[in-house]
Novice: 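Once you've had a glance at the structure underneath, I'll fire off some questions.
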2 protein chains.
Amino acid sequence: MISPSLDEARKELVIGLEARKLVVMVASCSVEYTGRTGSHLGEGERLVIVKGDGCILVHRGRDYQPVNWQPSGCIIQAHANDGTLILKAVRPNPLESLTLVVREVQFLGTFLLQDDAEFILHASEEEMQRAIILQPDIIEPGFKILDYEKKVPPGFVDVYGVDAEGNTLVIEIKKDPAGFPAIKQLLEYLKYLQAPQGKKLRPIIVAPSVAKGSQSTLAKSGIEFKQLTLQKAVEVLQKHARSDQQALKSWL
Amino acid sequence: MISPSLDEARKELVIGLEARKLVVMVASCSVEYTGRTGSHLGEGERLVIVKGDGCILVHRGRDYQPVNWQPSGCIIQAHANDGTLILKAVRPNPLESLTLVVREVQFLGTFLLQDDAEFILHASEEEMQRAIILQPDIIEPGFKILDYEKKVPPGFVDVYGVDAEGNTLVIEIKKDPAGFPAIKQLLEYLKYLQAPQGKKLRPIIVAPSVAKGSQSTLAKSGIEFKQLTLQKAVEVLQKHARSDQQALKSWL
DNA sequence: ATGTTTATGTCGCGT
DNA sequence: ACGCGACGTAAACAT
């Protein structure tokens, strides 16, 4: 619908809301919000999006984030009022409401999106862990893994094993430059772990780098640092994926 | 444009990008992201928004937040490739890139949004402070303000003054239910303040309520609590706005 | 340019 | 339902 009358737009909007379809509207409107705080936006042309799960977004011509919005789970209604189209979105908890006063609609479309794909986010910390587990010698030659996600009272040890001399390695992985929280976390874990008789406990932080202000703290803490970048981790994973494929081929 | 061919869509897209217009597209596409981490989203129908300032949003049929995005300041380009339309958005710093492979376009529109309105957010904490400053007796009768945003080493005291007996009031305002952080903050400030000879120092938290778990801590801390809701604050502000207007009228 | 704090943060997970 | 932490947080602000 291009440049529909307000009443045509209202009817289409109501039908779209009923069917829980995606509604996309470009319109001149003003916006009021009241709830956790309040806001006011005077009249102007904006992109308005209403989704089937009851959320609403009001976007201006710039900026990543919507100028006004309401998250999923709102009650959304449209009705005519005194020559304008009123669009209200009320969120029950916390109670907050968003009201659009629409003066003119440039475009209105409703869509039923067919979309069953799964969204996969590659969490880099997890990939780093998988790379270490697949190929422990990227930490150091002779390193053998005994356990991972090993439970200790304060949480889980990312990787746990022994080095070539039989010392116990306790590895904490961070995807970002390792800072004070990582050090503190690892020290907490150490309280609940001990090396075999005559052997040492070697705490190691594995991360792409050490955070600026934490260099000296790390040095004093007795924790070792081993660099592992995401890129290196991905390389290791791909190498093993290839060899897995090779193995599969030779099996068939 | 309704159900354009991929090539028609590409042309319109390029024109829209050139003109830095808002581009709204409903299309079947798959999405890849690599940068700080990586993500993959298989084919499906989505709403794609490209704004004039070089940001891009990919929305699915549900959820407030986009499934993939790129913030403002990206280099965005569209080109045909092997029977598909490729849309790439590259962010220079940090280096990350978003790639859409578009198979079919249901709708594509470009818009130049006329929007000069100012967005005003009513920060409730600030409004509460203004209400107290305009009418100090909402805290208690006889309260006189000496200063606000008063600098102390750990930060700023929201409101600072004396009660009817000459005791010093130190007020910390919170818009949300006051919890442990507010108590701690106020206690920090107190270290650097003292009452006149023979007078008391009265720390007070002003907030709509006290957080559940902090009731007992607050009681033990020696800090007083005075309820002030946003609604009450807004009432006070409106009353004074009206009296200001009255004064202005009588002046003319 | 870089680090820090805020947000109508939102969202997912555990109790 | 509520509390807590994570996020590709993004954005504003101070350094």
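Below, chains carry the letters A, B, ... as their sequence lines are ordered, and counting in each starts from 1.
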Novice: Between B:K175 (NZ) and C:dT8 (P), how many Å, whole number?
Specialist: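 Roughly 8 Å, once rounded to whole Å.
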Novice: Please report, rounded to the nearest Å, how far the P atom of C:dG9 is from the CD atom of A:Q70.
Specialist: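 Whole-Å distance recorded here is 12 Å.
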Novice: Expressed as a whole number of angstroms, how long is the span from A:R36:CZ to C:dT6:P?
Specialist: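 Roughly 17 Å, once rounded to whole Å.
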Novice: Assign A:F119 to base, sugar-phosphate, or nothing according to its heavy-atom contacts below 4.0 angstrom with the strands shown.
Specialist: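 Nothing: the residue A:F119, judged by heavy atoms under 4.0 Å, touches no strand.
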Novice: With a 4.0 Å limit, can you tell me whether A:W69 has a side-chain N or O closer than that to the phosphate oxygens OP1/OP2 of C:dG9?
Specialist: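 The answer is no; no side-chain N or O of A:W69 sits under 4.0 Å from OP1 or OP2.
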Novice: Given the P atoms of C:dT8 and C:dT4, what is the spacing between them in whole Å?
Specialist: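 It works out to 22 Å between them.
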Novice: Go through DNA chain D in 5' to 3' direction and return only the first and the last nucleotide with some atom under 4.0 Å of chain A's heavy atoms.
Specialist: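 Footprint of chain A along DNA chain D, 5' to 3': D:dG8 to D:dA11.
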Novice: Can you see whether B:Q227 engages B:K232 through a side-chain donor-acceptor pair at a distance of less than 3.5 angstrom?
Specialist: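 Absent: no donor and acceptor within the cut-off.
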Novice: Rounded to the nearest Å, what distance is computed from the CG atom of residue B:L121 to the P atom of nucleotide C:dA7?
Specialist: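 B:L121 atom CG is separated from C:dA7 atom P by 9 Å.
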Novice: Is it the case that B:S28 and B:E43 place a side-chain donor and acceptor less than 3.5 Å from each other?
Specialist: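 Indeed, the side chains of B:S28 and B:E43 share at least one donor-acceptor pair under 3.5 Å.
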Novice: Which part of the nucleic acid, if any, lies within reach of A:E96 when heavy atoms closer than 4.0 Å are counted: base, sugar-phosphate only, or nothing?
Specialist: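 Result for A:E96 = base.
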Novice: Between B:D63 and A:K51, does at least one N-O distance fall below 4.0 Å, as a salt bridge requires?
Specialist: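 The answer is no: the pair does not qualify as a salt bridge.
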Novice: Pairing check on C:dT8: which nucleotide meets the Watson-Crick or G-U wobble criteria with it, both distances under 3.5 Å?
Specialist: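 Looking at the geometry, C:dT8 pairs with no nucleotide.
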Novice: CG of B:D63 versus P of C:dT10: gap in Å, rounded?
Specialist: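 Rounded to the whole Å, the gap is 13 Å.
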Novice: Please report the interatomic distance CD1(A:I132) to CG(A:L228), rounded to the nearest 0.5 Å.
Specialist: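 It comes to 5.5 Å.
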Novice: Between B:K226 and B:E224, is the closest basic N to carboxylate O distance under 4.0 Å?
Specialist: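 So B:E224 does not pair with B:K226 through a salt bridge.
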Novice: In whole angstrom, what separates A:I56's CD1 from C:dT8's C1'?
Specialist: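 My rounded result for the distance is 14 Å.
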Novice: Closer to the 5' end of DNA chain C via nearest nucleotide, is it B:A123 or B:Y64?
Specialist: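 Its nearest nucleotide lies further toward 5', so the answer is B:A123.
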Novice: Hey, are B:E96 and B:Y33 close enough side-chain-wise for a donor-acceptor pair under 3.5 Å?
Specialist: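 Present: a donor and an acceptor within the cut-off.
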Novice: Find the distance A:K51:NZ to C:dC11:C1' and express it as a whole number of Å.
Specialist: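 That distance rounds to 14 Å.
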Novice: Take the protein atom CZ of B:R62 and the nucleotide atom P of C:dT10, then report the distance between them rounded to whole Å.
Specialist: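 One finds 18 Å between P of C:dT10 and CZ of B:R62, rounded.
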Novice: By nearest heavy atom, map A:Q65 and B:Q65 onto DNA chain D; which one lands nearer the 5' end?
Specialist: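 Its nearest nucleotide lies further toward 5', so the answer is B:Q65.
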Novice: With nearest nucleotides of DNA chain C determined for A:S72 and B:N93 from heavy-atom distances, which residue corresponds to the more 5′ nucleotide?
Specialist: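 Of the two residues, B:N93 wins.
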Novice: Pick the P atom in D:dG8 and in D:dC4, then give their distance to the nearest Å.
Specialist: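 One P to the other, the span is 22 Å.
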Novice: Just call it for A:Y33: base, sugar-phosphate, or nothing, with non-hydrogen atoms closer than 4.0 Å on any strand.
Specialist: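 Base, at least one base heavy atom under 4.0 Å.
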Novice: Mind checking the CZ-CZ spacing from A:R36 to A:R91? Nearest 0.5 Å is all I need.
Specialist: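 Rounded to the nearest 0.5 Å, the CZ-CZ separation comes out at 5.0 Å.
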Novice: Picking from A:L13, A:V105, A:V102, A:I56, what satisfies side chain to side chain contact (heavy atoms under 4.5 Å, CB included) with A:V48?
Specialist: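 The residue from A:L13, A:V105, A:V102, A:I56 that satisfies side chain to side chain contact (heavy atoms under 4.5 Å, CB included) with A:V48 turns out to be A:I56.
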Novice: Can you check whether any acceptor in the base of C:dT8 is under 3.5 Å from a donor in the side chain of A:N68, or vice versa?
Specialist: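 Answer yes: a donor N or O sits under 3.5 Å from an acceptor.
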